[in-house]
There are 2 protein chains.
Amino acid sequence: MMTEVEIKEVEIKTASEQTRMRLLDAAREVFSQHSFQGATVREICRRAEANVAAVNYHFGSKDGLLAEALNFAQLAALQKANVEAAECPKIRLRMFLCDFMLMLLDEKNPSSQCRIMARELADPTPALDKIVREAIAPLHEFLGKLVREIVGDKVGEAELRRCVHSIVGQCLFYRHSHPVLQRLHPKLRYDRKEIEAIGEHIAEFSLAGIKHLDKVSRS
Amino acid sequence: MMTEVEIKEVEIKTASEQTRMRLLDAAREVFSQHSFQGATVREICRRAEANVAAVNYHFGSKDGLLAEALNFAQLAALQKANVEAAECPKIRLRMFLCDFMLMLLDEKNPSSQCRIMARELADPTPALDKIVREAIAPLHEFLGKLVREIVGDKVGEAELRRCVHSIVGQCLFYRHSHPVLQRLHPKLRYDRKEIEAIGEHIAEFSLAGIKHLDKVSRS
DNA sequence: GAGCGTATCAAACGTCTGTTTGAAAGTAAA
DNA sequence: TTTACTTTCAAACAGACGTTTGATACGCTC
């Protein structure tokens, strides 16, 4: 049987770890809504109900907080499950794109890391190297292999790479340009149904593009 | 015959207008390289070899400078020339995409406005409304009509809109993710040949996607 | 050259930023 | 309770930011 102290440690952890968690959650929230320069330590601490000094005490700096807030486990799990699935490559591409778009766009999705990733693309930050290494490079590699399965060996590396770029570009567009799209189509709501329709569209559009590439290359 | 004064006005304008021009050029340079929050008035003035107060004297504020620095004449001219061209819609899409990618990626291209536009997408700024109204909305409308010409009337508005998003998304990806792509493929140089190859790829990829949409819709 | 409006300049302003500090509060073992 | 250590806190720090100011220099008309 556990002592009272042990229960406390397991269930609610130490007070210190609680504030660490609250800071990380708040950081993910704020970093996904503002650029790194736009996000302020004071707002993160306000949302975490912690003192301004807490960030530097627990994480050393604002940079350190961002680095620790990044966690691409969910994105990696998505890729792992997809690779191990028994379906054919085309269906796996469809599945992945729907899941990925839900990660990027669904506000209810707890994984805001991909939204941070998307935001950091344009504005290099000390954390960008980590993002590229742990999230973006594996993602491109994963999609490259998947497209290669579909397109066969007749297509060159450069064309294959551009196909991956085309797919990723379509996905990120909806995240990057969200403020613009809201102004262009004010009445459009990005609910789960709409997000899945977008994922389906990107899959259909891209599969046709890949297939056509195949034809061009063989001719 | 012109007097000396008139010649002076026409050729080198007033000293005041010269610094205005230098400020606008420097602003376009800096705003296209950093986010609005990341770009500093001091650096703009340093590059323009002007005093820090010059921005507020000539443009009222940093916001005003950005608003005046924006000028989408080249993008509009591109669309106008394309609409008036005699070619078939598919070839016109190819032409436009190559020109557009050159505007977005070619460092030698004097039109950095599109690079600013791309940068501002993610980070709403007081100038975003003007950008959407004068550049993005017309661009989407132009591409929507072009795709409509290719795809016919059998496709719904929602699907057509998503096609335009797919095209624009692919184009902007190369601009947005430039820092990332440089890390992923360090040896790849974005010279004129590579940019045109990218434009060709996006055109081929998208035409296949559009065509496939047509087939799906008719079936 | 005198006078006048415009443009430039160094300097300062107030505010916001990330970060540091030193004291206070909390925690847990002896 | 005492002791030693960790965590929180209000306050202040140094620097960067956009902007303002008042003096100075310039260009022009008379």
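Each chain gets a letter, A, B and so on, in the order its sequence line appears, and its residues count up from 1.
For a distance-only test at 3.5 Å, the side chain of B/Asn51 qualifies as a donor-acceptor partner of the base of C/dA10.
In this structure, B/His165 and A/Phe173 have tilted ring planes: the angle between them lies in the 30° to 60° band. Aromatic ring orientation, B/Phe96 versus B/Phe100: parallel (interplanar angle below 30°, classes split at 30° and 60°).
Crowding of B/Glu49 atom CD: a count of heavy atoms from other residues, nucleotides or ligands under 6.0 Å not exceeding 12.
Residue A/Glu29 is tested with A/Arg47, A/Arg46, A/Arg115 for a salt bridge (Lys or Arg N to Asp or Glu O under 4.0 Å); the sole match is A/Arg47. Exactly one residue among A/Ile198, A/Ile202, A/Leu102 makes a side-chain contact (heavy atoms from CB on, under 4.5 Å) with A/Leu97. That residue is A/Ile202.
One atom, CD1 of A/Ile44, and another, C1' of C/dG18, lie 11 Å apart when rounded to the nearest Å. Between the CZ atom of B/Arg42 and the P atom of D/dA16 there is a distance of 9 Å, rounded to whole Å. Atom-to-atom, CD of B/Glu17 to P of C/dT8 comes out at 11 Å; the value is rounded to the nearest Å. Put simply, OH on A/Tyr57 is 5 Å from C1' on D/dT7, counting in whole angstrom units. Summarising the geometry, the separation between CG on B/Asn56 and P on D/dT21 is reported as 11 Å, rounded to the nearest angstrom. Put simply, CE on B/Met21 is 14 Å from P on C/dA7, counting in whole angstrom units. For the pair A/Gln18 CD and C/dT27 P, the computed distance is 11 Å after rounding to whole Å. Rounded to an integer number of Å, the gap from CG of A/Leu23 to C1' of D/dC9 is 14 Å.
A close approach under 4.0 Å does occur between a side-chain nitrogen or oxygen of B/Thr19 and OP1 or OP2 of C/dT8. For A/His58, no side-chain nitrogen or oxygen approaches OP1 or OP2 of D/dT6 to under 4.0 Å. Contact annotation: B/Thr40 does not reach the phosphate of D/dA16 (side-chain N/O to OP1 or OP2, under 4.0 Å). Phosphate proximity of C/dT6 to B/Ser16: absent, as no side-chain N or O sits under 4.0 Å from OP1 or OP2.
DNA chain D is contacted by both A/Glu49 and B/Asp63; A/Glu49 maps to the nucleotide lying nearer its 5′ end (nearest heavy atom per residue). For the pair B/Val52 and B/Arg22, both in contact range of DNA chain C, the more 5′-proximal nearest nucleotide belongs to B/Arg22.
Listed nucleotides D/dT19, D/dT21, C/dT19 differ in distance to B/Ala53; the shortest reach to its side chain belongs to D/dT21.
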